[in-house]
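To start, the structure under review is shown below, and the notes come after it.
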Amino acid sequence: MSRYNVKETESKWQAVWEERHCFDVEEDSSKEKYYVLEMFPYPSGRIHMGHVRNYTLGDLVARFRRAQGYNVLHPMGWDAFGLPAENAAKENNVHPAKWTHANIATMRDQLKSMGLSYDWRREIATCDPDYYKHEQKMFLDFLDAGLVYRKESWVNWDPVENTVLANEQVIDGKGWRSGAEVEKRKLAQWFLKITAYADELLSAIEELDRWPERVRIMQHNWIGRSEGAHIAFDIIGRDKPLDVYTTRPDTIFGASFMAISANHPLAQELAADNPELSDFIGQCNRMATSEAAIETAEKLGCDTGLKCAHPVIEGETLPIYVANFVLMDYGTGAIFGCPAHDQRDLDFARKYGLPVTPVVCPPDTDPSTFEIGNEAFVGDGNIINSEFLNGLSVPDAKSKIIAHFEGRGMGEKQVNFRLRDWGVSRQRYWGCPIPVVHCDDCGIVPVPAEDLPVVLPEDIDINVAGNPLDKHPTWKNVDCPKCGKAARRETDTFDTFFESSWYFARFCAPVENEAFTRSAADYWLPVDQYIGGIEHAVLHLLYSRFFTRALKECGYLDLEEPFAGLQTQGMICHETYKSAAGKWLLPTDVSTGETGELVDSTGAKVTRGRSEKMSKSKKNVVDPEEIIQTYGADTARLFMLSDSPPDRDLDWTDSGIEGAWRYVNRLWRLISEPPFAPADKGASRPADVAGSALDVERMVHKTVATVTADLERFHFNKAVARVRELSNAVETLKETDPGAAWVLRFASETLAILAGPLMPHLAEEMWSALGHDALIADTAWPEADESMLVEDTITVAVQVNGKLRGTLEIAKDADKETVEQSALMLDNVQSFIAGKEVRKVIVVPNKIVNVVI
RNA sequence: GCGGGUGUGGCGGAAUUGGUAGACGCGCCGGAUUCAAAAUCCGGUUUCCUCGGAAGUGUCGGUUCGAGUCCGACCACCCGCACCA
């Protein structure tokens with residue numbers, strides 16, 4: 001029995017594809033284009049299973065669309081700037097650039113061993129000055145277009161390392177390396193005006209009909225358009241009012257306090273001569289900056305002693321607190337608290353003994369007995385305890401109270417967005433330098449276009465406290481481009497989302513002097529199918545959508561939406577293992593002992609944990625390279641595509657990969673050792689095809705039709721199942737049935753073509769073994785013969801009172817009476833209806849008969 | 001906390017518009033082949049059962065001739081929350 005020589009075969013076909021430049025593409029206006037893009041990887045060192053899944057999905061689409069006759073662009077590159085390179089630099093004393101390039105080299109080899117159909121000529125690395133110089137130019141153009149501004153913003157500050165920490169570097173409020181209590185600090189930073197496009201980014205979601213609904217909902221919620229009111233509250237004893245944004249002006253009669261952010265200018269001002277308040281603000285500034293941390297922290301406040309006049313209740317006042325749950329970045333950084341109808345306000349009021357007055361009464365509830373317990377009522381209802389608003393619904397009350405305030409000049413209707421402007425400044429070395437100069441006389445001066453790129457210095461000490469660029473002895477010293485006096489470079493670098501916001505355009509034409517050529521971008525964009533992780537559902541995708549619009553405004557492109565189709569993929573999971581000592585163990589260190597239980601290399605018992613997302617920290621990882629070495633890329637691909645649909649999590653199991661491996665061999669055997677001799681290549685269909693041969697021939701057509709539909713709809717697991725069914729059926733072919741030899745060849749060739757996008761190396765090998773000189777990669781996708789799909793008899797289910805009691809083989813489209821009569825004649829049906837009155841018979845043509853008694 | 005998602009045999013998952021629940025695979029059981037094993041092939045495999053059936057798609061309730069699918073309430077787990085990418 002010949003076993004499939006996977007290593008030899010796979011490298012052979014990879015070499016052939018490369019020699020023949022199969023996947024190099026150019027613009028060709030005579031062909032319909034199709035741009036397939038997988039989210040490019042961060043070069044972290046080695047590829048992981050998530051990459052294998054992502055790139056398998058993309059490669060399948062690319063090869064499938066190519067076979068369908070599209071001009072397919074399928075590129076690959078590296079999202080090469082980022083924090084891990086700096087961490088590696090500190091830990092291993094290796095330069096971030098060197099580390100990154102070494103990783104790219106390793107990962108490129110690994111990807112090539114997967115046989116992916118990329119046009120490698122278009123490869124890019126974002127840390128390359130040839131890449132980032134273009135985005136420096138874009139930034140300057142955005143600056144000209146008024147899409148960039150500078151403002152103070154809060155960051156996590158590690159007082160020991162003198163550096164800004166990412167949220168992931170803050171653990172329980174402490175710096176991950178220093179262990180020092182993290183503070184918030186204000187820094188002047190660069191922002192992109194994504195909010196200028198808030199309305200458009202929101203409304204255009206409607207048209208993204210090939211995006212997953214959940215991603216659209218997430219983006220919708222992220223932008224968070226709300227309609228509410230801006231209200232000015234008079235502060236007693238002060239001239240300047242306190243401005244508040246609220247989405248619930250209807251609850252104004254239930255207000256019992258005011259709350260402002262610790263970062264609100266008023267709080268800052270009052271803290272100057274109020275030590276207690278100053279302490280409290282300090283405490284707020286030690287809280288983590290993430291929204292999750294703020295929302296889940298205990299609601300705390302500090303009374304400022306100031307009071308506002310209640311805007312609608314004469315003579316009543318509202319105490320002003322500084323509170324830790326009020327965000328300076330949302331609305332005006334100040335709220336009025338209505339505890340009865342907002343959970344956070346209620347928690348706060350209960351803690352500080354503030355009044356809780358319900359002003360919205362739930363439907364069908366008696367207002368006189370309605371009380372608020374520990375849960376705020378946030379639903380619709382009738383307004384109560386609110387003078388001129390009483391009896392109105394929530395929406396009606398909103399309109400009326402806004403009109404009331406507008407009439408008195410105290411407030412107005414306002415639309416607000418949750419979306420904040422995009423802060424792009426990072427105090428890090430391994431990123432794209434922001435191309436501006438700070439001059440004492442001229443202020444901020446853009447670096448002239450002809451002086452770009454501003455290149456990162458190579459001689460850098462990554463171990464200094466603070467921003468390495470800022471601490472570099474010479475790099476930042478530069479003459480002001482405007483006045484020529486000594487000035488300083490901006491030492492912040494871009495957020496790495498900056499690079500990934502336009503790389504899809506760069507792939508269209510990675511030329512020297514431009515970000516991309518306009519004609520290439522016009523031809524290839526938008527990306528027809530984008531594929532990547534759900535974790536990018538909001539930020540990366542939203543930034544790219546914004547960036548595309550900004551590029552359009554600056555004349556780079558004529559496009560709003562970069563990604564016409566989006567497919568998100570689930571995570572790869574694996575069982576976890578723990579030793580008796582409670583340490584995580586690699587799957588490769590765990591085996592089954594003699595008694596059938598799991599043991600480690602020393603024979604000690606191992607505890608099996610549930611399947612979780614593969615992660616280095618839990619060691620539940622399987623190295624793709626080992627899998628590809630052992631079983632080959634096709635087997636790894638097949639496993640990735642079988643069973644789980646792309647958007648669901650996938651459990652990696654040894655038995656699963658073994659099963660895929662068995663199928664690869666089985667399919668190969670079907671060709672290399674056919675059950676009997678197939679007809680000659682190119683033989684025409686004999687007139688007489690019957691018995692098992694006819695059944696299989698029909699099935700080939702049916703499989704082509706369903707697999708094509710499944711691949712178009714990303715139902716890859718179903719496509720694999722259909723292909724398996726066909727190969728199972730081929731094994732039932734009887735040599736003696738008329739036309740069997742011809743059907744065997746027809747089915748074998750079709751299997752090879754259908755396997756093309758799934759297992760490309762094996763498909764080529766099958767095709768070659770079937771006597772073909774051309775490549776599967778250059779072979780057109782088959783079309784099913786409609787006439788072969790029509791069945792003449794149908795199985796109809798027969799139910800009595802909704803329970804299955806039998807089935808009926810009957811001519812397709814038989815008339816209702818015939819079907820009904822035949823169904824009632826069934827023995828089992830007869831026995832169930834015996835002695836009872838048939839009240840009704842429901843006949844659904846070609847589907848079901850339900851007898852109701 | 002807010003937002004999003006998922007839940008079907010021992011396991012991963014199938015099931016156009018409400019119409020035969022469990023396709024395909026994994027695992028397991030039995031058999032063939034083999035000196036033996038591996039590999040391979042064939043058959044079986046939701047559960048219970050008095051072998052006629054009965055129950056069954058996270059839980060509870062509803063709509064319907066008929067619900068995995070539609071509606072309401074709930075439970076569990078997972079993901080995101082703006083400096084990880």
Side-chain angles (χ1 to χ4, degrees), chain A residues 1 3 39 41-42 44 79 81-84 87 155-156 164-170 189 212-215 217-218 220-222 224 289-297 299 325 329 343-344 347 418-428 495-497 500 533-540 542-543 570-571 573 610-613 639 642-645 647-651 653-656 658-660 662-663 665-666 669 709 715 717-718 720-725 728 731 795-807 828 831 839-842 844 847-853:
Chain A
M1 179 157 313
R3 258 182 99 111
M39 291 181 183
Y42 179 77
S44 53
D79 189 14
F81 275 137
L83 207 46
N87 295 336
V155 294
N156 298 310
V164 176
L165 298 179
N167 281 338
E168 71 159 14
Q169 296 173 319
V170 180
Q189 310 203 58
E213 186 59 19
R214 64 164 158 160
V215 175
I217 291 169
M218 282 163 136
H220 188 275
N221 292 335
W222 188 262
T289 50
S290 78
E291 188 178 322
I294 291 165
E295 291 282 339
T296 50
K299 308 290 172 279
F325 62 94
D329 289 322
Q343 192 61 45
R344 289 166 304 185
D347 294 344
R418 203 185 81 96
L419 181 69
R420 307 198 297 256
D421 277 332
W422 175 15
V424 295
S425 295
R426 296 292 181 272
Q427 296 70 38
R428 317 217 177 279
D495 176 8
T496 57
F497 276 125
S500 56
I534 186 71
E535 66 273 21
H536 292 294
V538 177
L539 293 182
H540 161 60
L542 195 61
Y543 291 150
M571 297 172 302
C573 302
R610 37 167 257 203
S611 186
E612 293 185 62
K613 176 186 177 176
F639 178 71
S642 308
D643 296 353
S644 294
D647 57 345
R648 276 226 226 155
D649 289 354
L650 180 146
D651 257 309
T653 58
D654 291 343
S655 53
E658 288 283 350
R662 269 201 297 276
Y663 187 65
N665 281 287
R666 186 171 175 166
R669 252 190 332 270
H715 294 178
N717 54 329
K718 286 161 68 183
V720 170
R722 298 288 94 86
V723 170
R724 280 182 182 267
E725 273 177 325
N728 288 347
E731 286 167 358
T795 310
V796 172
V798 182
Q799 302 179 329
V800 177
N801 279 352
K803 296 207 159 124
L804 186 71
R805 298 301 176 193
T807 58
N828 204 28
S831 72
R839 301 217 322 259
K840 195 154 82 168
V841 178
I842 289 149
V844 181
K847 280 263 167 73
I848 203 164
V849 178
N850 190 9
V851 182
V852 185
I853 55 174

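In what follows, chains carry the letters A, B, and so on, assigned in the order in which the sequence lines appear, proteins first and then strands, with residues in each chain numbered from 1. Since we're looking at a predicted model, the values are computed, not measured.
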Is it the case that the base of [N] and the side chain of [X] share a donor-acceptor contact (distance under 3.5 Å, atom types as modelled)?
X	N	result
Lys847(A)	U17(B)	yes
Gln427(A)	C83(B)	yes
Arg722(A)	A23(B)	yes
Gln189(A)	C83(B)	yes

- Item | Side chain of Tyr42(A) - closest among G5(B), G25(B), A85(B) |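 That would be A85(B).
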
Quick one: label [X] by what it contacts on the DNA or RNA (base, sugar-phosphate, nothing), any heavy atom closer than 4.0 Å.
X	value
Glu725(A)	sugar-phosphate
Val538(A)	nothing
Ser655(A)	sugar-phosphate

- Message: Treating Arg418(A) as the side-chain partner and Trp222(A) as the backbone partner, does any N or O pair qualify as donor plus acceptor under 3.5 Å?
- Response: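 Judged by distance alone, yes, a pair lies under 3.5 Å.
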
- Query: For RNA chain B, what is the dot-bracket line, given that a base pair needs Watson-Crick (N1 to N3, plus N6-O4 or O6-N4) or G-U wobble (N1-O2 and O6-N3) geometry with both distances under 3.5 Å, and | means paired with another strand?
  - Reply: (((((((..(((......[....)))((((((.......))))))(((....)))..(((((..]....))))))))))))....

- Item | Pairwise C1' distance, U16(B) and G52(B) [rounded to whole Å] |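 Nearest-Å result for G52(B) against U16(B) at atom C1': 36 Å.
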
Protein-nucleotides 68-71 of chain B N/O pairs closer than 3.5 Å?
none

- Write down the distance between CG (Leu804(A)) and C1' (G18(B)), rounded to a whole number of angstrom.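 Distance, rounded to whole Å: 16 Å.
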
- Message: Without decimals, in angstroms, what is the distance between Glu291(A) CD and G1(B) C1'?
- Response: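 In whole Å, G1(B) C1' and Glu291(A) CD are 9 Å from each other.
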
- Query: Are Asn717(A) and A14(B) close enough that a side-chain N or O sits under 4.0 Å from OP1 or OP2?
  - Reply: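 Yes, such a contact exists.
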
- Message: Apply the syn/anti split at 90° from 0 to G9(B) and say which one it is.
- Response: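 Here the answer is syn: the torsion falls within 90° of 0.
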
